[in-house]
Amino acid sequence: MNIEIIGYGLAQAEKCVTNLDLSKSVDTNDAWIQERTGIKQRYFSVAKNTSDLASEAALMAIQDAQIDPKTIDLILVATITPDGMMPSVASLVQAKCGLNAQTCLSYDINAACTGFVVAMQNAQAMLEAGYVSNALVIGAETLSKILDFKDRTTSVLFGDGAGAIIMRRSSSKKMFHYLRSEGDLTGVLTSDGLSLNPEMVFDQSSTHYLRMQGQAVFRFAVKAIEDVLVNLLNKQDLKVDQIDWIVPHQANRRIIEYVANKMNIELTKFYLNLDQYGNTSSASIPIALSEMRTKGLLKEGMRVICVGFGAGLTWGGSYFES
Ligand code: ACO
């Protein structure tokens, strides 16, 4: 069955923080960050939690799709930084946006930076099975909640934000996915949750800060992107020249340059906005898509591949026709 994306939206967090701003509180500098990552600035949330950003992006996508909000019957939010353990961010979005169709189902997905393409695949499966008609698929993060601002190796890389799309069945537009995970390297990218409490005492100590072995992640990322591109292209016997845009998870410009060079793909085929947002994990792909839509870069019938990779380790991609 065919699937199309009919609406796009994004939300920026309130506070723009430049590399220079960060260098006032942690031992780093603009030249190092730009040279190693391509990042110039990022947005951090001041008062908006993940569900607020997600709702803002959702409302923009609904408006773009020009559909009656009551017809949305599936809300999926990919996130690793939910407002709380429960309810899900998706349920909070349902409440905040007034999406209270009797038949609506909402839940969150945690597949780290691959989360958004996993959510797209889940939504497609639900649409194809006939369980739902209009799926609101969101990637939303407030990663600043889990950044250790004393750790220069991680705090300079990430940002907050949200992006959203509306998916529905289509008469002609193809969509397909390739998703993988591998549990042997869980330790290279982590953020711990609540501790067990065998003594039944009140204890607020926490080790939730994001920790990353940067070089191990870099080595994994370049292999993952190539694996996704090769498998998605092979699935439909497509050549990379037939693809109009590759929208990668926006982690690091050097990762993309490495892959482009290795696979002999022109860098201009990759849509990059990480200089403005930093790495927003699950939100980076839908933010990029929404920005492309606003700029008129997603023309009718264009072939697009999105590629995610991240903690788990997880990696995967989605092909769609705009
Ligand atoms: N400012 C200045 N110096 C720094 C900083 C900083 N912010 N961070 C590290 N350094 C120093 C290190 O201490 C080290 O100094 P030393 O040589 O005196 O020991 C030097 O810079 C080099 O450090 P490396 O870790 O070797 O730097 P590298 O070139 O590997 O770049 C980076 C680090 C940018 C993290 C890189 O490894 C990378 O991009 N990895 C992939 C990360 C990624 O993509 N993560 C996200 C994917 S999954 C997800 O999105 C959740």
Side-chain angles (χ1 to χ4, degrees), residues 17-42 50 78-81 109-118 139-161 163 180-182 185-192 208-228 247-260 270 272-275 277-288 306-317:
V17 177
T18 64
N19 294 343
L20 183 64
D21 294 332
L22 275 181
S23 70
K24 290 174 190 155
S25 53
V26 67
D27 181 16
T28 189
N29 58 76
D30 179 53
W32 190 97
I33 302 172
Q34 283 211 47
E35 200 243 313
R36 303 283 174 132
T37 71
I39 298 166
K40 293 181 181 158
Q41 61 172 49
R42 74 287 292 142
T50 301
T79 186
I80 52 171
T81 49
I109 287 174
N110 177 342
C113 309
T114 316
F116 187 74
V117 289
V118 174
E141 304 287 4
T142 43
L143 290 160
S144 53
K145 290 190 298 207
I146 60 166
L147 291 181
D148 174 356
F149 284 99
K150 290 196 209 80
D151 176 8
R152 67 177 181 174
T153 67
T154 53
S155 61
V156 303
L157 303 175
F158 298 91
D160 301 338
R180 291 290 180 271
S181 63
E182 139 78 66
L185 289 174
T186 47
V188 303
L189 191 46
T190 60
S191 157
D192 291 344
H208 66 275
Y209 289 131
L210 185 150
R211 301 288 177 212
M212 180 177 71
Q213 295 170 27
Q215 290 181 2
V217 174
F218 194 102
R219 285 193 295 275
F220 150 69
V222 293
K223 274 198 278 180
I225 298 172
E226 184 172 1
D227 184 51
V228 171
V247 184
H249 166 47
Q250 310 280 319
N252 183 323
R253 189 180 171 87
R254 281 196 306 150
I255 291 175
I256 307 307
E257 285 171 349
Y258 183 98
V259 173
F270 292 85
L272 294 177
N273 64 2
L274 61 90
D275 58 326
Y277 290 92
N279 178 344
T280 55
S281 191
S282 315
S284 82
I285 291 173
I287 287 175
C306 303
V307 187
F309 52 89
L313 298 168
T314 55
W315 66 105

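Just so it is clear, the values below take in all heavy atoms, side chains as well, and ignore hydrogens, waters and symmetry mates. When a ligand or atom number is given, it counts from 1 through the structure's own listing order.
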### Task
Could you tell me whether Arg211 and Asp151 make a salt bridge, using a distance below 4.0 angstrom between a side-chain N and a carboxylate O?
yes
### Val156 versus Leu22, closest heavy-atom pair with distance
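Between these two residues, the closest heavy atoms are CA-CD1, 3.7 Å.
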### Query
Which atom pair, heavy atoms only, marks the closest approach of His249 to Phe309?
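Answer, listing the atom of His249 first, then Phe309: CD2-O, 3.4 Å.
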Any idea which protein heavy atom is nearest [atom], and the distance to it?
atom                    : value
atom 46 (C) of ligand 1 : Asn279 ND2, 3.4 Å
atom 47 (C) of ligand 1 : Val217 CG1, 3.6 Å
atom 45 (N) of ligand 1 : Met212 SD, 3.2 Å
atom 48 (S) of ligand 1 : Leu189 CD2, 3.3 Å
atom 25 (O) of ligand 1 : Gln215 NE2, 4.0 Å

### Message
Just by distance, no angles: are the side chains of Asn252 and Arg36 close enough, under 3.5 Å, to form a donor-acceptor pair?
### Response
no
### Task
Could you tell me whether the side chains of Thr142 and Thr50 share a donor-acceptor contact shorter than 3.5 Å?
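A donor-acceptor contact under 3.5 Å links the two side chains.
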Quick one: does [atom] have a protein heavy atom under 4.0 Å from it?
atom                    : value
atom 17 (O) of ligand 1 : no
atom 14 (C) of ligand 1 : no
atom 32 (C) of ligand 1 : no
atom 1 (N) of ligand 1  : yes

Under-4.0 Å heavy-atom contact with ligand 1, by part of [X] that carries it:
X      : value
Thr28  : both
Ile255 : side chain
Trp32  : side chain

### Task
Evaluate the criterion side-chain hydrogen bond (donor to acceptor under 3.5 Å, both in side chains) for residue pair Ser181 and Thr314; output intermediate values, then yes/no.
CA-CA 4 Å; Ser181 63; Thr314 55; over 6 Å; no
Should you measure from each heavy atom of [X], which atoms of ligand 1 turn up under 4.0 Å away?
X      : answer
Val156 : 7 (N)
Thr37  : 34 (C)
Gly310 : 48 (S)

### Query
Asn273 versus Ile287: any side-chain heavy-atom pair under 4.5 Å?
yes
### Side-chain touch Glu257/Phe270, heavy atoms, less than 4.5 angstrom
no
Does an N or O from [X], backbone or side chain, lie closer than 3.5 Å to an N or O of ligand 1?
X      : value
Arg254 : yes
Gly214 : yes
Arg36  : yes

Ignoring hydrogens, just give me the one of [options] whose non-hydrogen atom is nearest [atom].
atom                    : options                       : value
atom 51 (C) of ligand 1 : Gly278, Ser155, Cys113        : Cys113
atom 12 (C) of ligand 1 : His249, Arg152, Glu35, Gln213 : Arg152
atom 39 (O) of ligand 1 : Leu22, Asn252, Thr114         : Asn252

#### Entry: Neighbour count >12 (heavy atoms, 6.0 Å) for atom NZ, Lys145
yes
### Query
How about Phe218: does its CZ atom have over 12 heavy atoms from other parts shown lying under 6.0 Å from it?
yes
### Query
Which distance, rounded to the nearest 0.5 Å, do you find between the OG of Ser155 and the CZ of Arg42?
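Interatomic distance, Ser155 OG to Arg42 CZ, rounded to 0.5 Å: 8.5 Å.
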### Message
Checking Ser282 against Glu141 for the side-chain hydrogen bond (donor to acceptor under 3.5 Å, both in side chains) test, could you report, in this order, the C-alpha distance in whole Å, the side-chain angles of both residues, the deciding distance, and whether it holds?
### Response
CA-CA 7 Å; Ser282 315; Glu141 304 287 4; 2.6 Å; yes
### Residue of the set Thr81, Asp192, Thr154 for which side-chain contact (heavy atoms from CB on, under 4.5 Å) holds with Ile146
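For Ile146, the side-chain contact (heavy atoms from CB on, under 4.5 Å) check succeeds only for Thr81.
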